[in-house]
Amino acid sequence: DAKTTQPPSMDCAEGRAANLPCNHSTISGNEYVYWYRQIHSQGPQYIIHGLKNNETNEMASLIITEDRKSSTLILPHATLRDTAVYYCIVRVRSYNTDKLIFGTGTRLQVFP
Amino acid sequence: ETGVTQTPRHLVMGMTNKKSLKCEQHLGHNAMYWYKQSAKKPLELMFVYNFKEQTENNSVPSRFSPECPNSSHLFLHLHTLQPEDSALYLCASSQKHSAGGETQYFGPGTRLLVL
């Protein structure tokens, strides 16, 4: 089972910041938080990941709480092309294999 | 373009057919993965290969047979599939033991329909 919980859907106006929350209260100390998104029927696209510190790249920012039990993905200026399902994933290690266990994600709808 | 390609992009096959899905990564990675995404269900990990060795088989039926001849290529051989095997099959690759985490990069997927 996925170790994360996300709201099933969110709306965001174009040009506004989209803040997508994620709870991962059972995360272990060495487990990373990853964010991917999937536009309809395409392969998941990597967005960002982090361990403890907040991270920023050209696509988004990742804010991780100090206790690491939750995080927020921020798309600073959402566009219509950001409409997708966003997955928050805790990468777990099992028998020397790293696994991404996908949940059902948050369906973000960006509207004009 | 993620550097991971998959062919074919679409495949229709009968239950008695034998077909193969191909994945190729151009990223110099040493781990490759097969995932299955059925309609309205989360992605499910099927197989993992590290350095060409299979390290994970997630209770996948034997009608799915993976092959990893080298670290750049991954195949999924299909035979006597069932209609419920219709799904999007995704390949991914990553670099194991890389600093900062091992990010998986996905291909575009093969949309499979079993009749």
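So you know, we letter chains A, B, ... as the sequences are listed, proteins then strands, and number each from 1.
- The local environment of CZ in A/R68 is crowded, with over 12 non-hydrogen atoms from other residues, nucleotides or ligands closer than 6.0 Å.
- Residues B/V48 and B/L43 share a hydrophobic cluster, clusters being chains of Ile/Leu/Val/Met/Phe/Trp/Tyr side chains in contact below 4.5 Å.
- Residues A/V90 and A/I101 share a hydrophobic cluster, clusters being chains of Ile/Leu/Val/Met/Phe/Trp/Tyr side chains in contact below 4.5 Å.
- At a heavy-atom cut-off of under 4.5 Å, chain A is reached by B/G107, B/P108, B/R111 from residues 107-115 of chain B, listed in order of number.
- The contact list for residues 75-92 of chain B toward chain A, using heavy atoms and a distance under 4.5 Å, reads B/L88, B/L90 by residue number.
- By the 6.0 Å contact criterion, CZ on A/R16 is open, its count of non-hydrogen atoms from other residues, nucleotides or ligands being 12 or less.
- In terms of heavy atoms, B/P42 sits closest to A/G103 at CB-O, 3.3 Å.
- Heavy atoms closer than 4.5 Å to chain B are found in the side chain of A/Q38, but not in its backbone.
- With hydrophobic clusters built from ILVMFWY side chains whose heavy atoms lie under 4.5 angstrom apart, A/L108 shares a cluster with A/L62.
- Only the side chain of B/Q37 comes within contact range of chain A, judged by heavy atoms closer than 4.5 Å.
- Both B/L11 and B/M46 are assigned to one and the same hydrophobic cluster, defined by single-linkage of ILVMFWY side chains at heavy-atom distances under 4.5 Å.
- Between B/T103 atom OG1 and A/I47 atom CD1 the span is 12.0 Å, to the nearest 0.5 Å.
- Within the 4.5 Å cutoff, side-chain heavy atoms of B/Y35 are placed close to those of A/L100.
- The distance from the OH atom of A/Y34 to the CD atom of B/Q104 is 8.0 Å, given to the nearest 0.5 Å.
- Linking ILVMFWY residues whenever their side-chain heavy atoms come closer than 4.5 Å, directly or via other members, places A/I89 and B/F106 in the same cluster.
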